[in-house]
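The next block holds one structure in the form of structure tokens; read it before the comments.
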Number of protein chains: 2
Amino acid sequence: MTDARPAAGSGDVEPLDPAQLGTYFVLLEAVSLLQHQVERQLRTEGGISYVQFEVLARLAHTPGPLTMTQLADGVVYSRSGLTYQAGLLEKAGLITRGPDPDDDRATLVAITQDGRDLFHRVLPGHVQVSRRLLFDPLTADDVRQLGDIMARVRDHMRARPPRSATPRKRRDAT
Amino acid sequence: MTDARPAAGSGDVEPLDPAQLGTYFVLLEAVSLLQHQVERQLRTEGGISYVQFEVLARLAHTPGPLTMTQLADGVVYSRSGLTYQAGLLEKAGLITRGPDPDDDRATLVAITQDGRDLFHRVLPGHVQVSRRLLFDPLTADDVRQLGDIMARVRDHMRARPPRSATPRKRRDAT
DNA sequence: TATTGTTATACTCTATAACTATA
DNA sequence: TATAGTTATAGAGTATAACAATA
């Protein structure tokens, strides 16, 4: 709750039709419920947040190490936010950070054996929660359709440039 | 990153099949991207967070006022978290809190005209963002299916008791 | 005794801007 | 000049537990 300026050029926008509106709200609501439970499970069983789980998952499923920027874009994070999380994970011994031989500016992040162990220790409970909450009420067909639909949405959104780096200069935003 | 106990009774869990796993991750990823953009729009145009928007939306679409607990359950929040948010919204003049004639313990929350105004001022931009990011790549059929699927998931999750109140006593969780 | 709501507290997370170093 | 990453900072959000009042 900060300023509240007049809505930037939103004079006449076609409203969403009822189907769209309903879909929109139920999607966010359901995912919110899911996220809460997932967070709880990860915290309880592994002492990590979902973001940290995501970082570990990404590193565990990648042949080699990743740079901070690659990781930040993947996880949808600001770079400084990832630096913070990477600091925690490194301190916990779950990842390591080292120099990139190809680019002296970059930092390569790799998962440690402890990181892999934790990931695999937490995964079954994670799977259980998602199955119980998300997949139980769905048919195999639903799952396919849902995956297909969200993949298209994801690709559509990813088509726009990521925002891991803050724009250097902002054009005068009058 | 706190304790990290042994995973509670997760010895052998059937893994998710590839379709499920893919659906799961792409769902969370896409929604995460969407949430980020929505947050940004609401913050920029209305100076409110998505949670605050949700509270206003709920109150705007309800005939009468709601109690704090009803609101907390709807928004998937802890009660103390809602108290905090309600404090902000009240200070901003967007809602009011008053006694409940039927139950002297309860607090009734109502939206003010300023609250309605803000809600409707922010809504068009909100609709624009969700259309551009979520609905553009989808057919009308996709939207129906997605809504139908997520409604089933939501109802399934809502069937379990909400956790707005912290359980008083926890049974010895050996 | 259970429930509603608030408060106090402590902590996690996140983004912004400034900065260093390399390309 | 642009990019990779870190740091400092400052604020927002969240949950837990303890508490008071009512059912």
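Naming: A, B, ... by sequence-line order, numbering from 1 per chain. Note that the structure is a prediction, hence the values are computed from the model and not measured.
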Self-check item: 5' precedence on DNA chain C between Leu82(B) and Gly81(A) (nearest-nucleotide basis)
Solution: Leu82(B)

Using the salt bridge (charged side-chain N to carboxylate O under 4.0 Å, His left out) criterion, which residues pair with [X]? Sequence neighbours excluded.
X	result
Asp148(A)	Arg152(A)
Asp103(B)	Arg105(B)
Glu90(A)	Arg97(A)

Quiz item: Taking side chain as C-beta onward, heavy atoms only, is Tyr24(A) less than 4.5 Å from Val38(B)?
Solution: yes

Quiz item: dG13(D), dA15(D), dT6(C): which one has an atom nearest the side-chain heavy atoms of Met68(B)?
Solution: dT6(C)

Exercise. Taking only the side-chain heavy atoms of Thr69(B) (C-beta and beyond), determine which of dT7(C), dT12(C), dT4(C) contains the nearest atom.
Key: dT4(C)

Quiz prompt | For DNA chain D, the residues among residues 99-107 of chain A that have a non-hydrogen atom under 4.0 Å from it | solution =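 Those residues whose heavy atoms fall under 4.0 Å from DNA chain D, taken from residues 99-107 of chain A in numerical order, are Arg105(A), Ala106(A), Thr107(A).
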
Only counting residues at least two apart or in another chain, list the ones meeting side-chain contact (heavy atoms from CB on, under 4.5 Å) with [X].
X	answer
Val26(A)	Met150(B), Ala151(B), Arg154(B)
Thr96(B)	Ala110(B), Thr112(B)
Asp141(A)	Thr139(A), Arg144(A)
Phe25(B)	Tyr50(A), Phe53(A), Leu21(B)

Could you tell me how far apart [X] ([atom1]) and [N] ([atom2]) are, to the nearest whole angstrom?
X	N	atom1	atom2	value
Arg43(A)	dT12(C)	CZ	P	8 Å
Arg97(B)	dT4(C)	CZ	C1'	13 Å
Tyr84(B)	dG5(C)	OH	C1'	18 Å
Gln35(A)	dC13(C)	CD	P	14 Å
Glu39(B)	dT16(C)	CD	C1'	16 Å
Leu88(B)	dA12(D)	CG	C1'	9 Å
Arg40(B)	dT16(C)	CZ	C1'	11 Å
His36(A)	dG13(D)	NE2	P	14 Å

Quiz item: Is Ser49(B) near enough to dG13(D) that one of its side-chain N or O atoms lies under 4.0 angstrom from OP1 or OP2?
Solution: yes

Practice problem: Examine dA18(C): is either OP1 or OP2 under 4.0 Å from a nitrogen or oxygen in the side chain of Arg79(A)? Give yes or no. | Solution: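 Arg79(A) to dA18(C) OP1/OP2: no side-chain N or O under 4.0 Å.
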
Quiz item: Do side-chain atoms of Arg131(B) reach the backbone of Pro15(A) as a donor and acceptor pair under 3.5 angstrom?
Solution: yes

N/O contacts under 3.5 Å, protein versus nucleotides 8-11 of chain D?
none

